[in-house]
Amino acid sequence: MPGRLFLTKLARGLLTVWLIVTLTFVALNLSGDPIEALVGDQAPAEVIAHYREKFGLDRPLWQQYVSYVSGIAQGDFGLSLSDQRPAIELIAAALPRTLRLGLTAFVLGLLLGVGLGIVAALNRNRAIDRFVMSFAVLGFSLPNFFLGILLILLFSLHWRLLPSSGDQTIWHLILPAVTLGTHFAGTFARFTRSAMLEVLSKQYVVAARAKGVPRPRRVLWHALPNAAIPIITIIGLKLGDLVAGSIIVETVFAVPGVGRLLVNAVTSRDFALVQAILIMTSITMVLANLAVDAIYALIDPRMRAARSES
Amino acid sequence: MTERDRKAGTDGGSAALLSVEGLTVGFRTAAGYADILHAVSFAVRPGTTTCVVGESGSGKSVSCQAVLGLLPANGRRTAGRILFEGRDLAAASEAELETIRGRGIGMVFQDPLGSLNPLHTVGTQLRETLRLHTALSEPQRQARALELLRLVGIPEPEQRLASYVHQFSGGMAQRVMIAMALACEPKLLIADEPTTALDVTIQAQILDLLNRLKAEFGMAILFVTHDLGVVAEMADDVVVMRHGRVVEAGPAARLLTAPQAPYTRELLAAMPRLDVAAPVYRKRAAS
């Protein structure tokens, strides 16, 4: 039954989220006293005691844990220590910017990467292939902060074409999206090339040619869907890099998104906010992996069959 | 090889449907091009079966691939003509070849399960062939696909059209491949070891099917095999190949009973027979 398998995967996902909630709680409690970071170590004892009581940090650790977990289950991620507002509100305010940047970069990287990967595979070992693959290696090995600064130097300072920081207009989106997207394009190009090379040598592609199927249709209709399985696996894995990358890129380009919010929260030891962001991120990752599983089944009838048998 | 045989094999005259003349094919290696077919010539007469036999690496499959311009990327035809219905396929462009592949000449392969795309239904792939080469409407294509599956003896063809290749056995998949190759009623079917990957009983069924369809459609078959039992069952004419050269060619009846070339005699002698006692090898000391 496909439904039962899906429920198993969902339960596994929930377990993952719970583990991350717990690990985050433990790690942050080990990392130092947040109240000290908030009010400074010169503050009088009664001020510290007041804040401890306000954030519930005076209670035993297990009580803090239980109330935290039950709060999250109800969608309550606690108050930001530095801002005194609910953590979820701060995230909600920053999220649209991050989503816009991340999705633009991801779509850009996907289209460019898969397109270039196909071109490279079709021109295997020719000059185009070598050129594309050099670009790919450069793309995924250049660190985001380096490429970002390089682009700012060229396009903002030298040629004065594009703004270097902020997110007021669509023009502000271009440099950070290209920075982040180049990394994905490099990775996708390499995986698409090798997946396509494998599939293009399969007997069914030769058989399609033998019955008169023209090359564009052979490539896009016969080969690409078969090459898509490994590519989709990489997409699922690379979503984690999207989060990591956006932290750096948002900092470089001064985009007030979730990435920058996280960096600030960590520096100010804002317990609740860091926990909230990490948990939201892990939920996103778990959902992305569920989506990848669903897409597998959509593409490949053999996987649908495997599901209905289990 | 006698002069008479050379004529029988290569010079079907104007009557030949397919006539391969002096075909030379090279493959690119680290040390430049290495020829693996050396001036290969043979002919297929309309409505007859020509079997190409030889051991592995003799060039029989490459000869077939070359006919349809299906050589691997590192292969190249360096000389020769391939005349099909008077047209030189060796000089044809890829676009011209695409109109002949699947329409004038159909092809089936050794690995039927690998020859069907695993992500598209069998029906979709059958209709694809019809859409490429005919002006039939979608409902007509569906009806024709159904008819073709019935023709090759697939039970419950309605359900089978919606099935994927992983739901087929090798024999059933080969029937589908034959149906697809015959969709546009080609004049010539190239069958590259179509029964090698199948069980013996399934092999016999596929050979029967091919012989029945050959009579029904009046098509010619170019049949590649290394199995002389299959040759005896199928062939009107036989081409024996070795090391990329044609060793002997001629009518099956003559070639199987009175082979001229020493290599052909060796091939025939290597085939186990029920009516002749197998040679018994004894230890030298015992004899």
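Worth saying up front: this structure is predicted, and the values here are computed from it rather than measured. Proteins come first, then strands; the chains are lettered A, B, ... in the order of their sequence lines, and each starts at number 1.
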Do the ring planes of A/Trp221 and B/His120 sit parallel (below 30°), tilted (30 to 60°) or perpendicular (above 60°)?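 Ring orientation of A/Trp221 relative to B/His120: parallel.
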Taking the side chain as every heavy atom from C-beta outward, state whether [X] and [Y] have any pair of such atoms under 4.5 Å apart.
X	Y	value
A/Asn226	B/Pro118	yes
B/Glu94	A/Arg215	no
B/Phe109	A/Gln203	yes

Are A/Arg217 and B/Glu98 ion-paired here, with the side-chain N under 4.0 Å from a carboxylate O?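 No, A/Arg217 and B/Glu98 are not salt-bridged.
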Heavy atoms only, distances under 4.5 angstrom: which of B/Arg103, B/Met180, B/Met107 has the most pairs with chain A? Name it, please.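 Most heavy-atom pairs within the cutoff with chain A belong to B/Met180.
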Against chain A, work out which of B/Gly102, B/Ser115, B/Ala73 has the most heavy-atom pairs shorter than 4.5 Å and name it.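 Between B/Gly102, B/Ser115, B/Ala73, the count favours B/Ser115.
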Measure distances from A/Val205 to the heavy atoms of chain B and classify the residue's part below 4.5 Å as side chain, backbone, both or neither.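 When you check distances to chain B, no heavy atom of A/Val205 falls under 4.5 Å.
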For atom [atom1] of [X], decide whether the heavy atoms of other residues, nucleotides or ligands shown that lie under 6.0 angstrom number more than 12.
X	atom1	result
A/Tyr296	OH	yes
A/Arg124	CZ	no
A/Phe131	CZ	no
A/Arg190	CZ	no
A/Glu198	CD	no
B/Lys187	NZ	no
A/Ile128	CD1	no

Which pair of non-hydrogen atoms, one from B/Leu119 and one from A/Pro301, has the smallest distance, and what is that distance?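 Closest approach of B/Leu119 to A/Pro301: CD2-CD, 3.7 Å.
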Which heavy atom in A/Ala207 sits nearest to a heavy atom in B/Met177, and how many Å separate them?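 Where A/Ala207 meets B/Met177 most closely, the heavy atoms are CB-CE, 4.2 Å.
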Chain A contact via B/Leu132 - which portion, at a heavy-atom distance below 4.5 Å: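 Looking at B/Leu132, just its side chain touches chain A.
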Toward chain A, the part of B/Leu68 with a non-hydrogen atom under 4.5 Å: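 The side chain, not the backbone.
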With no hydrogens and no angle check, is any side-chain donor or acceptor of A/Lys202 less than 3.5 Å from a backbone partner on B/Asn117?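 The answer is no, because no donor-acceptor pair under 3.5 Å joins these two groups.
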Can A/His222 and B/Gln125 be counted as having a side-chain donor-acceptor contact under 3.5 angstrom?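 No, no side-chain donor-acceptor pair sits under 3.5 Å.
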